[in-house]
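Comments concern the structure below.
What you see is a predicted model, and the numbers here were worked out from it, not measured in a lab.
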Amino acid sequence: MVNGVAYAAEPLLPLKDMVEKVVTLNPEVQARYHKFLESGFEQEVMRGGYLPKADLVSTYRKQEELVKTTGNTSIPRMNNELVLRQMIFDGFATSNEVKRLGHANRVRYYELQSAMQNTTLEFMRAYIDTLRYRELSQYAKDNYVVHKQLFDRIQERVNAGVARKVDLEQATGRLALAEANLLTEATNLHDVTARMQRLYGELPPNTLEAPTFFNGGVEPTSTEALKVAYTHNPDLLSTIEDIQAKKNEIKTSESRYMPKLDLQARKNLGTSSDGQYSSSAADVLELKLNFNLFNGFSDQNSIKQTAQKLNGAEDMRDKACVDTRQIVVIAYNDIAQLKEQYIYRSQHKTSIENAREAYRQQFDIGQRTLLDLLDTENEYFQAKRSMTNTEFDLQTAFARTYAGQGALLNKIGAARGGLPEVSREQYLESENVCHAIAPVQMTVDKAALLADAKPFDNVRLSLAKPSVNTALSPEPKAQVCSVPDVTTRVREWATAWRQKDADNYLRFYADKFSPEPPLNKEQWTQQRRARLSTNGKIGLKLNNLEVVCDGDKANAKFNQDYSLTTYKIQKTGNTSCEVCNMKRIPTTAFSDQVNKELQFERVNDQWQIVRELTTP
């Protein structure tokens with residue numbers, strides 16, 4: 001199958017280059033990138049707390065003189081000071097805040113990675129859908145052309161009087177459906193092109209490279225695939241980094257319980273108002289210790305507040321665990337199911353294609369009609385659509401799995417330049433509490449289905465309701481008991497039992513039927529329905545049947561030989577045909593022989609059972 005429809009000769013743009021353009025210029029990814037850079041500068045801002053601070057302080061004051069100054073002791077009205085401060089100890093607030101912002105920077109880094117993975121996945125969906133709808137659009141065009149050609153031929157035959165007008169009506173309806181399908185696929189192609197333009201930044205090229213990123217396959221089991229996701233999924237890793245950031249934030253809040261020690265140097269550059277040196281002009285070197293004793297419980301509540309932030313961060317990690325598990329195991333299961341589906345879709349398409357060609361040959365020799373050709377064309381169109389959709393759905397399932405594992409960009413071979421390498425810290429393992437437990441993949445035991453199925457000859461394909469003549473009819477004449485009629489009734493009762501037709505079987509019993517104790521009518525009915533719904537084939541023989549008539553009553557006595565046979569499927573060969581290797585082996589699950597008496601009465605001109613007696 002050709003994955004791309006070439007509309008014009010142009011250089012083939014590699015998928016890798018297109019993805020790199022998306023993760024470099026996409027606005028959402030760019031916003032995350034700038035958030036990452038912002039967090040890095042925020043950490044550098046806090047790191048400045050380790051360095052000294054130098055300030056030039058200029059003051060002008062007018063102060064009331066309560067005592068007349070003498071000599072050079074006056075306070076200058078205009079003063080300039082050079083102040084140098086160095087933090088010596090702040091209860092480790094700065095160091096913990098630097099660490100917190102370092103983890104926050106890593107959070108932004110993994111959020112950027114997540115944005116790139118998600119945007120790439122969205123782009124790959126649009127890319128794959130573009131290939132899909134280009135191909136489906138071509139199928140719809142071919143289908144329309146064939147339907148129009150056949151329609152014209154049928155119309156010619158109708159106009160010539162050699163075909164029925166109803167054939168033209170059917171052909172008109174099929175042509176309208178083909179036109180609707182063509183319009184649908186054209187609309188789908190337009191919409192997916194708009195999606196590509198939004199993500200890629202421009203219209204997609206006329207020729208697209210067939211994706212090969214999925215050639216590496218996936219892990220052997222969903223559990224192993226989930227372990228890879230728990231190790232590399234950026235959404236999960238960002239929540240673990242956020243937990244570390246919240247732990248450092250708690251330590252920052254706890255630093256308020258410790259004293260603060262600063263070294264401060266002051267160089268006074270001013271002079272006294274009379275030009276003489278003043279005692280205020282002396283240089284100062286001092287240590288300042290600040291130890292808060294009471295702050296209105298603000299520090300205590302700040303720690304509690306940050307502790308709740310930590311709890312929330314751990315909850316978000318747990319949510320990332322379950323979200324990642326759901327994404328990966330569903331996508332992984334889709335890969336397995338779609339691979340198997342593609343085999344059947346391909347077989348279906350091939351079979352329909354062969355049948356279509358056979359119909360055309362049979363039409364040439366007069367064994368098929370033009371309507372038969374229309375039927376096969378429509379089925380062939382649908383078979384091609386189904387196979388194509390399955391193929392592209394499979395590619396999308398691979399992309400979803402890789403994105404959940406944080407590996408989609410690597411599988412494509414694309415990367416965004418200018419990003420630093422982030423080392424994997426030990427706490428990413430210790431804080432990862434996700435358990436790689438995947439649900440069991442659902443499989444269909446076809447052999448068991450066949451073993452439990454009712455025999456085909458007992459399956460009612462349709463139940464035709466008898467027509468009712470509403471015209472007035474004369475009153476039926478009273479009928480006397482007839483041994484052949486009652487005998488036939490007994491045979492029909494046995495047939496309904498063999499075929500497990502519960503509704504028909506229960507209609508043989510009159511409303512006033514009374515079962516043998518200890519069951520009442522309702523309990524007996526439930527029991528009979530349950531037994532008729534069991535798996536297996538019922539064998540029922542009526543021997544030595546004797547019918548005795550007495551007016552509107554009759555008795556039927558016979559020896560009943562009952563058996564229930566179940567079937568198991570055993571493999572008897574090793575050929576490539578799996579179904580051919582299987583054989584149904586019958587097993588008798590239950591059997592008994594009893595003497596039975598059925599007591600009949602005529603109710604509404606029909607013989608119905610009022611008593612059923614069983615003896616060994």
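Side-chain atoms of Gln608 come within 3.5 Å of backbone N or O of Arg507 as a donor-acceptor pair. Asn604 places no side-chain N or O within 3.5 Å of a backbone atom of Gln606 that could act as its donor or acceptor partner. Side-chain N or O atoms of Thr376 include one that pairs as donor or acceptor with a backbone N or O of Leu373 at under 3.5 Å. With Asp561 contributing its side chain and Gln593 its backbone, the two residues share no donor-acceptor pair below 3.5 Å. Side chain of Asn378 to main chain of Leu374: no donor-acceptor pair is present (N/O by atom type, distance under 3.5 Å, no hydrogens or angles). In this structure, the side chain of Lys500 engages the main chain of Thr534 through a donor-acceptor pair within 3.5 Å. In this structure, Ser533 contributes its side chain and Ala530 its backbone to a donor-acceptor pair below 3.5 Å. The closest donor-acceptor contact from the side chain of Gln155 to the backbone of Leu168 lies at 3.5 Å or more, if one exists at all. Side-chain atoms of Asn159 do not come within 3.5 Å of backbone N or O of Glu156 as any donor-acceptor pair. Panel note: side chain Asn333, backbone Val329; no donor-acceptor pair is recorded below 3.5 Å.
When all heavy atoms of Ala556 and Val490 are compared, the closest pair comes out as CB-CG2, 3.8 Å. Closest heavy-atom contact between Leu371 and Ala171: CD2-N, 4.3 Å. In terms of heavy atoms, Gln117 sits closest to Ala403 at OE1-CA, 4.0 Å. Heavy-atom minimum distance, Leu532 versus Ala502: CD1-CA, 3.7 Å. For the pair Thr207 and Arg134, the tightest heavy-atom approach, listed with the atom from each and the gap, is N-NH1, 4.1 Å. Of all heavy-atom pairs spanning Asn143 and Ala178, the tightest one is ND2-CB, 3.6 Å.
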Full working for salt bridge (charged side-chain N to carboxylate O under 4.0 Å, His left out) between Asp152 and Lys148: CA-CA 6 Å; Asp152 291 341; Lys148 186 64 170 68; 2.9 Å; yes

Run the numbers on Phe558 and Lys541 for side-chain contact (heavy atoms from CB on, under 4.5 Å), then give the verdict. CA-CA 10 Å; Phe558 50 87; Lys541 294 181 180 180; over 6 Å; no

Kindly determine whether Thr488 and Asp485 satisfy side chain to side chain donor-acceptor pair (under 3.5 Å), including the steps that lead there. CA-CA 5 Å; Thr488 301; Asp485 290 346; 5.5 Å; no

Under the side-chain contact (heavy atoms from CB on, under 4.5 Å) rule, what do Met387 and Tyr342 come out as? Steps first, then yes or no, please. CA-CA 6 Å; Met387 190 187 75; Tyr342 185 76; 3.6 Å; yes

After noting the C-alpha distance and the side-chain angles of Leu203 and Met196, does the key distance pass the side-chain contact (heavy atoms from CB on, under 4.5 Å) rule? CA-CA 7 Å; Leu203 291 173; Met196 276 281 288; over 6 Å; no

With side-chain contact (heavy atoms from CB on, under 4.5 Å) as the criterion, how do Phe123 and Val19 come out once you've worked through the C-alpha distance, each side chain's angles and the decisive distance to 0.1 Å? CA-CA 8 Å; Phe123 172 76; Val19 171; 3.8 Å; yes

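You'll find the side chain of Phe381 stays beyond 4.5 Å of the side chain of Val146, heavy atoms only. Annotation: side chain of Thr396 is not in contact with side chain of Met124 (no heavy-atom distance under 4.5 Å). Lys384 is listed as a side-chain neighbour of Tyr380, based on a closest heavy-atom distance under 4.5 Å. Between Glu357 and Asn354 there is no side-chain heavy-atom pair separated by less than 4.5 Å. Within the 4.5 Å cutoff, side-chain heavy atoms of Phe508 are placed close to those of Arg489. Residues Tyr359 and Arg356 form no side-chain contact, since every pair of their non-hydrogen atoms from C-beta on lies 4.5 Å or further apart. A 4.5 Å side-chain heavy-atom check between Pro515 and Arg528 finds every atom pair outside the cut-off.
With respect to Arg529 and Asp503, a salt bridge is recorded, a charged nitrogen being found less than 4.0 Å from a carboxylate O. Ion pairing between a basic and an acidic side chain is recognised when a charged N comes within 4.0 Å of a carboxylate O; Arg195 and Asp191 show no such pairing. Ion pair Arg164/Glu169 not flagged as a salt bridge, since none of the NZ, NE, NH1 or NH2 atoms sits closer than 4.0 Å to an Asp/Glu carboxylate oxygen.
Taking CD1 of Ile335 as the reference point, atom CD1 of Ile330 lies at 12.5 Å (rounded to 0.5 Å). One distance of note links CD1 of Ile437 with NZ of Lys227; it measures 10.5 Å at 0.5 Å rounding. Distance check, rounded to the nearest 0.5 Å: CG of Leu542 to CD of Gln560 gives 6.5 Å. Atom-to-atom distance recorded for Leu121:CG and Leu409:CG is 10.5 Å, nearest 0.5 angstrom. Atom-to-atom distance recorded for Asn181:CG and Glu179:CD is 10.0 Å, nearest 0.5 angstrom. To the nearest 0.5 Å, the span separating CG on Leu408 from CZ on Phe398 amounts to 12.5 Å.
Under a cut-off of 6.0 angstrom, the local environment of NZ in Lys21 is crowded, with over 12 non-hydrogen atoms contributed by other residues, nucleotides or ligands. Heavy atoms of other residues, nucleotides or ligands lying less than 6.0 angstrom from CD of Glu522 number 12 at most. The 12-atom threshold is exceeded at CD of Gln362, counting heavy atoms of other residues, nucleotides or ligands nearer than 6.0 Å. The environment of Glu224 atom CD is dense: over 12 non-hydrogen atoms of other residues, nucleotides or ligands sit within 6.0 angstrom. Shown here is Lys557, whose NZ atom has no more than 12 heavy atoms of other residues, nucleotides or ligands within 6.0 Å. Counting non-hydrogen atoms of neighbouring residues, nucleotides and ligands closer than 6.0 angstrom, the CG atom of Asp511 reaches no more than 12 such neighbours.
Side chains of Tyr332 and Glu219: a donor-acceptor N/O pair is absent below 3.5 angstrom, by distance only. Thr390 and Asp393 share no donor-acceptor pair across their side chains, judged by distance under 3.5 Å alone. There is no side-chain donor-acceptor pair under 3.5 Å between Glu122 and Asn118.
Ring geometry, Phe600 versus Trp607: the interplanar angle exceeds 60°, so the pair is classed perpendicular (tilted spans 30 to 60°). Note: Phe513 and Tyr509 have perpendicular aromatic rings, judged against thresholds of 30 and 60 degrees for the angle between ring planes.
For the pair Lys411 and Phe214, the cation-pi test (distance below 6.0 Å, angle within 45°) is failed. Cation-pi geometry between Arg132 and Phe392 is not satisfied (NZ or CZ under 6.0 Å from the ring centre, within 45° of the ring normal).
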